[in-house]
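Ligands are counted one by one from 1 in listed order, and the atoms in each one are counted from 1 as well. Along the sequence shown, residues are numbered consecutively beginning with 1.
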Amino acid sequence: MAGAWRRCDSRIGYPFSVQRILNFIDGAFVPPVGGACLDNFEPATGAVYSHLPDGDARDVDAAVAAAERAFTGWSATPAHERSRMLLRIADLIEANLERFAKAESIDSGKPISLARGLDIPRAASNFRFFATAILHTRDEAHITDQRAINYTLRQPRGVAGLISPWNLPLYLFTWKVAPAIATGNTAVAKPSEVTPMTAFLLGELCNEAGLPRGVLNIVHGLGPKVGAAIVAHPRISTISFTGGTATGKTIAAAAGPMFKKLSLELGGKNPTIIFADADMSQAIPGAVRAAFSNQGQICLCGSRILVERSALDRFVNEFVKRTKHLKQGDPLEDATEQGAVTSKPHFDKVTSYIEIAKREGGKVLCGGSPPASLPKRCRDGWFIEPTVITGLDANCRTNQEEIFGPVVTILPFDSEAAGIAMANSTPYGLAASIWTSNLDRAHRVAAQVQSGVIWINCWLLRDLRTPFGGMKQSGVGREGGDEALRFFTEPKNICIATT
Ligand code: NAD
């Protein structure tokens, strides 16, 4: 809806005081210049529960102006003071854990247990990690024989443009905001229009923490309007984007001729590779978790499960049994393991892929439809049963294109080489997990699988110091640890003659 703001009655105890989301510019909450708003839906009910700004380039201009004004002071603020500020934000997120977890669950449809156990704690960790990382950097120096000393300054680049997706809303938003501002940049950030609530609430915490106004500015709205205006803005020189591969292509095409520094974290079609010698008591629950966490809407989810043929029957039986036991229901119930998918267009996309899989000859072993019983509140929500499909060729659309929902395929392979070839057979290269008790094989396969992130006998075990990102069409560049500190700074070499 693009119209005037309208009041929205709260039907359940929403953990925030307004259902009207505002932009956060120069430390103040402001409506969009154009005055229009968009509906914000609760995926569990399919109903509109709040509104967000339908921002445009004018809001981005105001945010950039505020960020530029703040840059002089913030970039000159000593690292320990910037660090203290970010630590305060981390503390405040933790103090507001329950409120934020509930907001995230309502806004995205994810189980509250996941928001409470993963999303919100990780948002706090992102601030804490980069707050302390900037205190422990080393500067490079190179001695050139007896003739000169070179040293490298790493300076903040100015105003960073940060664009994030809907699947892990605050988690991924802060994964960009924290390193950008920790290193002395200021930021204009855009959360997904599908899940804007926790980014909005973060603005309140930034003010409470005393973050100088203008250091972080948050503009809400549609990708082709607000996102495109951020990418095209001549005074934003750094763009960090996480989202779909098609959007990444559009952004690269716009940013390339402007010579912007660009980090693209894109889609995936990740293999889970199960060798017959794997400890199945770990591998099977691990594969279920990798397949269906957050309804399969984590870029790192293992949606293609490749199983060595001699273990296939046992694996499939147990995998399907465990999948059927996943508890689907109201995301706000503590016991719920599977919530709703995040939007109606996404629901339509995922269900259309189940039909494509059937047309391609796939056999649906479980799921494939809306769940039979849901609480009354959730009857109009966007729920899809966790779905397991077999009998498909590795090259069909179902096995080549990103579905990004609770839908996985299981494919057999006959040799290590064939398993690796199948793992590498898509245009993507984000993540893979390998399950085997043979460590030689694990290292051999890990070296040959074309993915930026590989887990052996585990999944989603993250250490924030490690490089994170994808190969092939899964992205360009790396985030995390030193990679993020480098990305958000400009190295400048200074050579002093010593003779
Ligand atoms: P999306 O590409 O549709 O949107 C991502 C963000 O980009 C949103 O904020 C959106 O408003 C904005 N956007 C859309 N069009 C734009 C444009 N023309 N210019 C600038 N910004 C624009 O992605 P999504 O549907 O929100 O998220 C799902 C995708 O994100 C999946 O493909 C998933 O694999 C990927 N993802 C990748 C990672 C990773 O780390 N590689 C992590 C999470 C999600």
Side-chain angles (χ1 to χ4, degrees), residues 38 40 52-57 60 107-108 110 118-119 122 161-176 188-196 199 218-233 236 239-255 260 262-270 293-303 341-350 353 401-405 426-431 451-453 460 462 466-480 483-484:
L38 301 164
N40 189 26
L52 68 146
D54 182 9
D56 61 31
V60 173
D107 210 31
S108 69
K110 70 177 64 206
L118 177 74
D119 293 74
R122 172 60 192 274
L162 314 173
I163 302 174
S164 61
W166 49 255
N167 62 322
L168 299 167
L170 194 66
Y171 174 134
L172 289 174
F173 189 71
T174 55
W175 182 231
K176 296 182 183 306
V188 175
K190 188 192 110 52
S192 170
E193 61 273 30
V194 180
T195 52
I218 303 173
V219 183
H220 294 274
L222 300 171
K225 285 168 78 175
V226 173
I230 290 173
V231 172
H233 202 289
I236 296 182
I239 301 285
S240 172
F241 168 78
T242 299
T245 295
T247 314
K249 278 183 193 161
T250 308
I251 289 176
K260 298 197 177 204
L262 197 56
S263 166
L264 299 171
E265 301 289 344
L266 309 177
K269 189 73 181 174
N270 310 309
S293 289
N294 201 33
Q295 299 74 247
Q297 302 169 128
I298 299 180
C299 53
L300 307 163
C301 276
S303 55
V341 300
T342 302
S343 69
K344 177 68 164 68
H346 193 57
F347 173 89
D348 292 340
K349 175 189 161 183
V350 175
Y353 269 100
E401 297 172 15
E402 186 184 43
I403 300 174
F404 210 54
T426 76
Y428 296 103
L430 184 55
S451 296
V453 181
L460 203 58
R462 292 278 294 121
T466 60
F468 179 88
M471 297 168 67
K472 305 197 287 188
Q473 294 197 18
S474 288
V476 180
R478 292 292 181 273
E479 297 186 342
E483 303 281 345

Q: Are there protein heavy-atom neighbours of atom 13 (N) of ligand 1 below 4.0 Å?
A: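 It does; a protein heavy atom is within 4.0 Å.
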Q: Is a side-chain donor or acceptor of His346 paired with a backbone partner of Gly405 at a separation under 3.5 angstrom?
A: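 Not at all, since once roles are kept as given, no pair shorter than 3.5 Å links the two residues.
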Q: Which is closest to atom 5 (C) of ligand 1 in terms of heavy atoms, Val226, Ile163, Thr242?
A: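 Nearest heavy atom to atom 5 (C) of ligand 1 lies in Thr242.
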Q: For atom 24 (P) of ligand 1, what is the nearest protein heavy atom, given as residue, atom name and distance?
A: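 Going atom by atom, the protein heavy atom closest to atom 24 (P) of ligand 1 ends up being Trp166 NE1, 3.3 Å.
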Q: Counting each atom of ligand 1 from 1 as listed, which ones have a heavy atom of Pro191 under 4.0 Å away?
A: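 Near Pro191, the atoms of ligand 1 are 9 (O).
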Q: Between the main-chain N or O of Gly161 and the side-chain N or O of Lys190, is there a donor-acceptor pair closer than 3.5 Å?
A: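 Not a single qualifying donor-acceptor pair exists.
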Q: If you measure from each heavy atom of Ala254 to ligand 1, is any distance below 4.0 Å?
A: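 So Ala254 does not count as touching ligand 1.
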Q: Main chain of Gln473, side chain of Thr245: is a donor-acceptor contact present, judged purely on distance under 3.5 Å?
A: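 Flag set: sc Thr245 to bb Gln473 pair under 3.5 Å.
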Q: Among all protein heavy atoms, pick out the one at the shortest distance from atom 40 (O) of ligand 1; state its residue, atom name and that distance to 0.1 Å.
A: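 So the nearest neighbour among protein heavy atoms is Phe468 CE2, 3.3 Å.
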Q: Can you tell me the protein heavy atom closest to atom 37 (C) of ligand 1 and the distance?
A: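 The protein heavy atom lying closest is Leu266 O, 3.0 Å.
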Q: Could you tell me whether the side chain of Ser474 and the main chain of Gly429 form a donor-acceptor pair under 3.5 Å?
A: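 At least one qualifying donor-acceptor pair exists.
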Q: Distance-only, no hydrogens or angles: does the Lys269 side chain make a donor-acceptor pair with backbone N or O of Glu402 under 3.5 Å?
A: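 Looks like no, no N/O pair under 3.5 Å.
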Q: Which ligand 1 atoms does Lys190 reach within 4.0 Å, using its non-hydrogen atoms?
A: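 Contacts of ligand 1 toward Lys190, numbered from 1: 9 (O), 10 (C), 11 (O), 12 (C).
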Q: Can you confirm whether Asn40 sits close enough to Asp107 that some side-chain heavy atom of one is under 4.5 Å from a side-chain heavy atom of the other?
A: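 They are in side-chain contact.
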Q: Using only heavy-atom distances, determine whether the side chains of Ser164 and Lys176 contain a donor-acceptor pair under 3.5 Å.
A: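 Short answer, no.
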Q: Looking only at distances, can you tell me whether any N or O atom of Gly243, backbone or side chain, sits closer than 3.5 Å to an N or O atom of ligand 1?
A: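 Looking only at distances, the answer is yes, because the N/O contact criterion of under 3.5 Å is met.
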Q: Under a 3.5 Å distance rule, please check whether Asn270 uses its side chain to pair with a backbone N or O of Cys299 as donor and acceptor.
A: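 It does hold such a pair.
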Q: Which heavy atom of the protein is the closest neighbour of atom 20 (C) of ligand 1, given with residue, atom name and distance?
A: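 The closest heavy atom on the protein side is Gly227 C, 3.2 Å.
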Q: Are any side-chain N or O atoms of Lys472 and backbone N or O atoms of Thr426, one a donor and one an acceptor, separated by less than 3.5 Å?
A: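 Confirmed, Lys472 side chain pairs with Thr426 backbone.
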Q: Could you tell me whether ligand 1 has any atom less than 4.0 Å away from a heavy atom of Ser164?
A: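 In this structure, Ser164 qualifies as a contact of ligand 1 - some heavy atom is under 4.0 Å.
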Q: Would you mind checking which non-hydrogen protein atom is closest to atom 22 (C) of ligand 1, with the distance to 0.1 Å?
A: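 The closest one turns out to be Gly223 CA, 3.4 Å.
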Q: Say whether, by atom type as modelled, one donor and one acceptor occur between the side chain of Asn294 and the main chain of Leu168 under 3.5 angstrom.
A: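 Not confirmed, Asn294 side chain does not pair with Leu168 backbone.
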Q: Under 4.0 Å from a heavy atom of Leu172: which atoms of ligand 1 are those, numbered in the order shown and with their elements?
A: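 Result: 42 (C), 43 (C).
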Q: Less than 4.5 Å apart, side chain to side chain, heavy atoms only: is that true for Phe173 and Ile218?
A: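 Yes, side chains in contact.
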Q: Identify which of Cys299, Ala253, Ala228, Gly475 has a heavy atom lying nearest to atom 39 (C) of ligand 1.
A: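 Residue with the shortest heavy-atom distance to the ligand atom: Cys299.
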Q: Check ligand 1 against Gly244 and write out every atom of the ligand that is under 4.0 Å from a heavy-atom position of the residue.
A: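 The atoms of ligand 1 under 4.0 Å from a heavy atom of Gly244 are 1 (P), 2 (O), 23 (O), 29 (C), 30 (O), 32 (O).
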Q: For atom 7 (O) of ligand 1, find the nearest protein heavy atom and state the residue, atom name and distance (0.1 Å precision).
A: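 Minimum-distance protein heavy atom for atom 7 (O) of ligand 1 reads Phe241 CE1, 3.1 Å.
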Q: Just go through Ile251, Asn167, Leu300 and tell me whose heavy atom is the nearest to atom 44 (C) of ligand 1.
A: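 Answer by nearest heavy atom: Asn167.
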Q: Counting from 1, what ligand 1 atoms have a heavy atom of Ser192 closer than 4.0 Å?
A: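 Ligand 1 atoms under the 4.0 Å threshold to Ser192: 9 (O).
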Q: Provide, to 0.1 Å, the distance between atom 16 (C) of ligand 1 and the closest protein heavy atom, together with that atom's residue and name.
A: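 For atom 16 (C) of ligand 1, the nearest protein heavy atom is Thr247 CG2, 3.3 Å.
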Q: Hey, are the side chains of Phe404 and Asn167 touching, using non-hydrogen atoms and a 4.5 Å cut-off?
A: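 Side chain of Phe404 against side chain of Asn167, heavy atoms only: contact under 4.5 Å found.
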Q: What are the atoms of ligand 1, with element, lying closer than 4.0 Å to any heavy atom of Glu193?
A: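 This gives 10 (C), 11 (O) as the contact atoms.
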Q: If you have a sec, work out which protein heavy atom is nearest atom 28 (C) of ligand 1 and how many Å separate them, to one decimal?
A: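 Of every protein heavy atom, Phe404 CE2, 3.6 Å lies nearest to atom 28 (C) of ligand 1.
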Q: On a heavy-atom basis, which atom in Pro165 and which in Gly243 lie closest, and how many Å separate them?
A: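 Between these two residues, the closest heavy atoms are CB-CA, 4.2 Å.
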Q: For ligand 1, which atoms, with element, lie under 4.0 Å from some heavy atom of Leu430?
A: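 Near Leu430, the atoms of ligand 1 are 41 (N).
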Q: Counting heavy atoms only, which of Glu402, Glu479, Lys269 is nearest atom 32 (O) of ligand 1?
A: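 Looking at heavy atoms only, Glu402 sits closest to atom 32 (O) of ligand 1.
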Q: Between Thr342 and Ser108 (side chain of the first, backbone of the second, donor and acceptor by atom type, cut-off under 3.5 Å), is there such a pair?
A: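 Looks like yes, one N/O pair under 3.5 Å.
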